[in-house]
Amino acid sequence: TSTILINQPKANMTTITAQQLADKMTSLRPTQTIVKTAPVGMEEEKTTTWVRNEEGKWVEASGPATAAVSHPVEPLGPLRSTHTEMHGFRGNRQWEAPQCVLRDGSLARTGYTTINRDEFEDTPAVLAAKVKMLASMIRQAKFPIAYTGAGISTESGIPDYATGSSASRAALVTRHIHCVEAGPSDAHLVLTRLHSAGLMKAWVQQNHDGLPQKAGFPQSDMNEIHGAWFDPSNPVVPMAGSLRDDLFANLLQLENDADFCICVGTSLSGMNADRAAITTGEKAKKQFETTKTSVSPGLVIINLQRTQCDNVAALRIFAKASVVLNALAEELALPPMDSHARDAEIQRAIAQNNDVFVLPYSPEDGSLIEGEQASSCACARLRAGAAQDKGFELDLREDSVVRISRGKFAGDLAVVTGKNRQGHYRLKVSHDLGKGRVKAQVPVLLGKWWVLEGMRGEVPVFPLIPAPAGARPEF
């Protein structure tokens, strides 16, 4: 299998047919992960105060929270660009230009784009019109997906490490927070409500933060293509690293199937995963240029900053993600959703099972046993003494030993060290660093939502499997 780089631009990859896509997905080895460096451990917990200094940059402060640097709020002039780059190729030519609300001449992502960090916002009237168009596009879509980057999580208090964004209007005002303890923003919640309403098929997430799942979005429809803090089998992929084969195969499938992509908070600066958004936009634009109508609704980009792919957007919206998506939820009259209710359901399942779970997955590789998906009685049969080839018992009590099912740590032993303050499982993985090197002790987390979806057979592969009897990890 060839190496699939995280930052390999779509333009440098060969276009494939649907049959070639199917052949490639068949040939990919789903359990292989190629990551060149170990992920940063996420176990260390502390209360951190993130503030902006006089230069507007995020810094970690040890003292009490202080007021954030004020942002200019008065318009600084209109965006001067093409109609498509300001509004999308389906946008109304009578719409006013977005207004600049923040001047920052530095590059949005050094080494990847020549676009600076200036931020713009649509006027209230134009924004309202764009939200109505967005709602119409979603209703029209047959296979809608979401593609999100760091910008969707800054409203939750997680700094934008990738672009180094300084005083972005999207960022949360100073807050005591630890990244793994951040909560979902309104944007995460609305995308989850879209999925619950049948208006969102899948979510490709560049971030590692687990905020979609905390909002209630099912793990089974998530593709955390760049790695995840809450999945021991999917460690964070460094910029020089490679994407996991099975996740990339799923990305190719989504790229092939999607006729609509809502792209939020990403600079679209040439990451391999950008293809999910770009191809969707290109297909719709080609239809539009040929027939002056668009069979596919295409690509919608929501971002305060410009991107280098604005020219393929069917609709371009300059506004904060939560502002747009809250307005969209109102326009679509989406049913309300209580993410706390799902969290309570997960906590009940954990308490009722005393951290020992019967799962309908193979004890060899963690794959879902055929015929057990979404089976409400699968675990009941196991508890009643059904054949052991129908699943396994996973003990997540403190000091229990488990194995990682796939990815960089596939086959490695890990010991459960407890739970963090939000109830997610903490583990330490014993990982061999190579010939002549010592075993590394790598702290990881398992999101608590995994156990509920695993018990129901809703995820295709479970990240943990039982360890051999009597096995203990070496540290």
Side-chain angles (χ1 to χ4, degrees), residues 88 130-131 133-156 158 170 184-226 228 247-248 250-268 271-281 283-284 296-304 307 309 312-317 319-329 331-332 334 337 339:
K130 287 183 175 180
V131 169
M133 178 176 283
L134 173 58
S136 175
M137 294 169 74
I138 289 179
R139 293 189 186 104
Q140 177 191 353
K142 296 179 180 178
F143 199 99
I145 66 171
Y147 182 60
T148 61
I152 195 173
S153 295
T154 55
E155 294 182 40
S156 293
I158 296 179
S185 67
D186 285 355
H188 294 101
L189 293 168
V190 173
L191 289 177
T192 301
R193 290 166 65 189
L194 284 171
H195 181 273
S196 296
L199 298 173
M200 189 63 61
K201 297 289 188 181
W203 187 335
V204 180
Q205 155 95 320
Q206 294 186 72
N207 305 330
H208 324 298
D209 49 40
L211 293 180
Q213 297 94 317
K214 290 181 181 180
F217 201 93
Q219 181 71 47
S220 55
D221 290 328
M222 285 294 307
N223 185 329
E224 295 171 291
I225 190 68
H226 291 167
L247 296 181
F248 184 69
N250 175 256
L251 181 75
L252 291 179
Q253 187 68 60
L254 294 175
E255 177 190 15
N256 184 72
D257 294 345
D259 67 340
F260 173 81
C261 178
I262 184 167
C263 181
V264 184
T266 172
S267 59
L268 293 169
M271 298 299 100
N272 203 332
D274 291 350
R275 62 193 304 122
I278 297 171
T279 298
T280 306
K283 288 187 293 188
S296 300
L299 171 65
V300 176
I301 298 176
I302 302 172
N303 207 341
L304 291 166
T307 82
C309 298
V312 297
L315 179 63
R316 182 61 170 93
I317 302 177
K320 293 181 181 179
S322 289
V323 170
V324 176
L325 293 174
N326 278 331
L328 175 65
E331 180 69 26
L332 291 171
L334 291 179
M337 181 177 178
S339 61

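Worth knowing before you read on, the calculation uses all heavy atoms, side chains too, and leaves out hydrogens, waters and symmetry mates.
For the pair L268 and N303, the minimum side-chain heavy-atom distance is 4.5 Å or more. Within the 4.5 Å cutoff, no side-chain heavy atoms of K201 are placed close to those of D221. In this structure, L211 and S185 have side chains that are not in contact, with every pair of non-hydrogen atoms separated by 4.5 Å or more. Using a 4.5 Å heavy-atom threshold, the side chains of Q206 and Y147 count as touching. With contacts defined as side-chain heavy-atom distances shorter than 4.5 Å, the pair L299/C263 qualifies. Counting heavy atoms from C-beta on, the side chains of H188 and K214 never come closer than 4.5 Å. When side chains are defined from C-beta on, R275 counts as touching L252, because their heavy atoms get closer than 4.5 Å. Considering only heavy atoms from C-beta on, N207 stays 4.5 Å or farther from I158 through its side chain.
To the nearest 0.5 Å, the span separating OG on S220 from CD on Q213 amounts to 10.0 Å. To the nearest 0.5 angstrom, M271 atom CE is 8.5 Å from T266 atom OG1.
At distances below 3.5 Å, not a single donor-acceptor pair connects side-chain atoms of K130 with backbone N or O atoms of V324. Counting only distance, with no hydrogens or angles, the side chain of D259 and the backbone of S296 share no donor-acceptor pair below 3.5 Å. Formation of a donor-acceptor pair under 3.5 Å by the T148 side chain with backbone atoms of V264 is not found in this model.
The two residues S267 and T307 come nearest to each other via the heavy atoms O-CB, 3.5 Å. Taking both residues in full, the closest heavy atoms of A215 and P184 are given as CB-CB, 3.8 Å, listed atom of the first, atom of the second, then distance. Contact detail for L247 and N223: the closest heavy-atom pair is O-ND2, 3.0 Å. Nearest heavy atom pair, residue V131 against residue E331, reads CG1-CB, 4.3 Å. Across every non-hydrogen atom of E155 and S322, the tightest pair is OE1-OG, 2.6 Å. The two residues C261 and T280 come nearest to each other via the heavy atoms N-CG2, 3.7 Å.
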So L332 and L194, side-chain contact (heavy atoms from CB on, under 4.5 Å) or not? Walk me through it. CA-CA 9 Å; L332 291 171; L194 284 171; 3.7 Å; yes
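Scanning for ring pair (Phe, Tyr, Trp, His ring centres under 6.0 Å) contacts around F217 gives H195, W203, with sequence neighbours left out.
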